[in-house]
Chemist: 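What follows is a structure written as structure tokens; I'll ask about it next.
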There are 2 protein chains.
Amino acid sequence: MSDVRWLTETEQQTWRAYMTANVEFSAYIDRQMRRDSGMPMAYYEILVRLSEADGRRLRMSELAEASLSSRSRLSHAVSALEKNGWVVRRPADGDRRGWVCELTDEGFTALAAAAPGHVTAVREKLFDVLTPEQLDALRDIGRAISAGLRQECEEARAEDVCDEEPC
Amino acid sequence: MSDVRWLTETEQQTWRAYMTANVEFSAYIDRQMRRDSGMPMAYYEILVRLSEADGRRLRMSELAEASLSSRSRLSHAVSALEKNGWVVRRPADGDRRGWVCELTDEGFTALAAAAPGHVTAVREKLFDVLTPEQLDALRDIGRAISAGLRQECEEARAEDVCDEEPC
DNA sequence: AGCTGGTGGTTGAACTCTCAATCTAGGTGG
DNA sequence: CCACCTAGATTGAGAGTTCAACCACCAGCT
């Protein structure tokens, strides 16, 4: 309990600055997307990942990982996108459990319509307010944070040996 | 349309690194909070702001700004927190439109119980994976991004003069 | 073939968030 | 004092997310 390494004053400032920027920035970006294109950022992200994939199609599990969403979330999201006619689900060949999600032409059109406003917002609110040095730093920082989070999974995997509790 | 300043390859890398880290990190933090303390980060944030305020109480509008949520969101959130007995709403004196939200002892206890796990997660996944230089940079970056977003409001305010369209 | 554990994916319910509408009260000009 | 506009806050509906089952299928073992 008392062995918690609480944050120093300086650390608190850093933490609040980072966290506030995250919240405000992502709220801004998401808001812009909803207002101008009628979809949340998570859906845009899905369309982008699909558009970049070979044949504009991906296995659901791959799409989930690429678009940073849980499988459950993706499943719901794809159902919604399918209603819009922006994607279609096809059975995956080779594995009868699996499904492939494919971007339709309508979906691509919707994506193309949404992209300019989105990129403009990102440029104005991110690239235009930071120096080149800060942008370089931000890239490395982002990578370090992501790497630190992924390590979580590896640890969990290592614990599968599970010598402490009966599995 | 074609005058969009699209992102260069390098910029795309930076943008993806930043955005991925944001999504993954905040998902991790939120998940930790929900799992270990049964509330979303947004609620924790509200409790924290209240606990830091004079008399552990704030006007709804002030609390909304402090906790980075919209008024609507705060209203719903406070209703939920009130059901838990963690906060109470009292009429604000002096302005019969307003309400003051006050942290109860139970709320403070819940906050105190949630804090260690939260701080530990933040330290492990943020402070422990970045160098001191990166943390300094991150603080400045965060401030710059927030400042850039706030500028939005000022512009909107400046346009209130409204010489282009009839208001 | 029959078991068993794990993987791919979906589902429903509960919860949270957003947006637009609404309500009440304060403030200001006639 | 009344009309009107603005500010503080809430509400309800609809959309999106999470979590915990759940189903179907694959793979390895007996």
Side-chain angles (χ1 to χ4, degrees), chain A residues 23-24 26-46 58-84 87 89-101 153 156-157 160 162 167, chain B residues 23-24 26-46 58-84 87-101 156-157 160 162 167:
Chain A
V23 171
E24 292 179 344
S26 51
Y28 179 83
I29 295 295
D30 192 56
R31 211 167 177 308
Q32 182 277 328
M33 183 59 67
R34 285 175 193 264
R35 178 165 33 81
D36 298 347
S37 306
M39 64 179 140
M41 257 308 286
Y43 287 16
Y44 179 81
E45 185 67 13
I46 290 170
L58 278 174
R59 280 286 291 254
M60 290 297 283
S61 48
E62 295 172 324
L63 182 53
E65 188 168 8
S67 64
L68 307 173
S69 35
S70 68
R71 288 172 185 223
S72 166
R73 167 151 88 166
L74 181 67
S75 213
H76 287 297
V78 165
S79 296
L81 292 171
E82 211 168 16
K83 264 184 201 135
N84 284 357
V87 303
R89 256 190 273 237
R90 305 182 190 291
D93 38 37
D95 186 342
R96 274 189 300 173
R97 290 170 303 179
W99 292 86
V100 168
C101 183
C153 310
R157 221 162 276 147
D160 272 356
C162 205
C167 299
Chain B
V23 171
E24 292 179 344
S26 50
Y28 179 83
I29 295 295
D30 192 56
R31 210 168 178 307
Q32 184 277 327
M33 184 58 67
R34 285 174 192 266
R35 179 167 31 82
D36 297 347
S37 306
M39 63 180 139
M41 257 307 286
Y43 289 15
Y44 179 81
E45 185 67 13
I46 290 171
L58 278 174
R59 281 284 289 256
M60 290 297 283
S61 49
E62 296 172 322
L63 182 53
E65 189 169 7
S67 64
L68 307 174
S69 35
S70 68
R71 290 175 183 219
S72 166
R73 167 150 87 168
L74 181 68
S75 212
H76 287 297
V78 166
S79 297
L81 291 171
E82 210 168 17
K83 264 186 202 134
N84 284 358
V87 303
V88 287
R89 257 188 273 236
R90 305 185 191 290
D93 39 36
D95 186 342
R96 273 190 301 172
R97 292 169 301 179
W99 292 85
V100 168
C101 183
R157 223 163 276 149
D160 271 356
C162 208
C167 299

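First the proteins, then the strands, lettered A, B, ... as listed; each starts at 1.
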Chemist: Using side-chain hydrogen bond (donor to acceptor under 3.5 Å, both in side chains) as the criterion, list what pairs up with S79(B), not counting sequence neighbours.
Modeler: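 side-chain hydrogen bond (donor to acceptor under 3.5 Å, both in side chains) list for S79(B), sorted by chain: R89(B).
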
Chemist: Sugar-phosphate means primed atoms, P, OP1 and OP2; the rest is base. With that split, encode nucleotides 12-17 of chain D 5' to 3' as B, S or - using protein heavy atoms under 4.0 Å.
Modeler: B---SB

Chemist: Grab the CG-P distance between D93(B) and dG8(D) for me, whole Å please.
Modeler: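 After rounding, the reported distance stands at 16 Å.
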
Chemist: Sequence neighbours left out, what passes salt bridge (charged side-chain N to carboxylate O under 4.0 Å, His left out) with E45(B)? Give chain and number order.
Modeler: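 Partners of E45(B) under the salt bridge (charged side-chain N to carboxylate O under 4.0 Å, His left out) test: R16(A), R49(B).
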
Chemist: Pick the closest DNA chain D nucleotide for V78(B) and for D30(B) by heavy atoms, then say which residue is nearer the 5' end.
Modeler: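 First, find each residue's nearest nucleotide; the 5'-ward one identifies V78(B).
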
Chemist: Contact boundaries of DNA chain C with chain A (under 4.0 Å, heavy atoms), 5' to 3'?
Modeler: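 Terminal contacting nucleotides, 5' to 3': dG6(C) to dC19(C).
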
Chemist: Output all residues satisfying side-chain contact (heavy atoms from CB on, under 4.5 Å) with S70(B), sequence neighbours left out; order by chain, then residue number.
Modeler: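 With sequence neighbours excluded, S70(B) shows a side-chain contact (heavy atoms from CB on, under 4.5 Å) to S72(B), R73(B), given in chain and number order.
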
Chemist: List, with names and distances, any nitrogen or oxygen atoms from the protein found under 3.5 Å away from nitrogen or oxygen atoms belonging to nucleotides 24-29 of chain D.
Modeler:
residue: dC26(D); atom: OP1; partner: R96(A); partner atom: N; Å: 3.2

Chemist: Checking R90(B) now: which residues fulfil side-chain contact (heavy atoms from CB on, under 4.5 Å) with it, not counting sequence neighbours?
Modeler: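 Listed in chain order: R57(B), V88(B), E102(B).
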
Chemist: Using whole Å, report how far CZ of R71(B) lies from C1' of dT6(D).
Modeler: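 R71(B) atom CZ is separated from dT6(D) atom C1' by 11 Å.
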
Chemist: Who are the side-chain contact (heavy atoms from CB on, under 4.5 Å) partners of D30(B), not counting sequence neighbours?
Modeler: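 R34(B), P40(B), M41(B).
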
Chemist: List for me each residue that meets side-chain hydrogen bond (donor to acceptor under 3.5 Å, both in side chains) alongside R71(B), sequence neighbours excluded, and say none if there are none.
Modeler: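 Not a single residue meets the side-chain hydrogen bond (donor to acceptor under 3.5 Å, both in side chains) criterion with R71(B).
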
Chemist: Could you work out, with side-chain hydrogen bond (donor to acceptor under 3.5 Å, both in side chains) as the rule, every residue matching Q32(A), not counting sequence neighbours?
Modeler: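 Counting only residues at least two positions away or on another chain, Q32(A) forms a side-chain hydrogen bond (donor to acceptor under 3.5 Å, both in side chains) with D36(A).
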
Chemist: Reckon R89(B) touches a base, only the sugar-phosphate, or nothing at all at heavy-atom distances under 4.0 Å?
Modeler: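 Result for R89(B) = sugar-phosphate.
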
Chemist: Which residues pass the side-chain hydrogen bond (donor to acceptor under 3.5 Å, both in side chains) test with R97(A), sequence neighbours left out?
Modeler: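 So R97(A) forms a side-chain hydrogen bond (donor to acceptor under 3.5 Å, both in side chains) with D95(A).
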
Chemist: Please identify each residue that fulfils side-chain contact (heavy atoms from CB on, under 4.5 Å) with A92(B), with sequence neighbours left out.
Modeler: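 With neighbours one apart ignored, the set is R59(B), V100(B).
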
Chemist: Could you tell me whether E82(B) atom CD has more than 12 heavy atoms of other residues or ligands within 6.0 Å of it?
Modeler: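 Check passes, neighbour count above 12.
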
Chemist: Minimum heavy-atom separation for L74(B) to S67(B), with atom names?
Modeler: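 Heavy-atom minimum between the residues: CD1-OG, 4.3 Å.
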
Chemist: Under 4.0 Å, heavy atoms only, any strand: does S75(A) hit a base, just the sugar-phosphate, or nothing?
Modeler: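 Base, at least one base heavy atom under 4.0 Å.
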
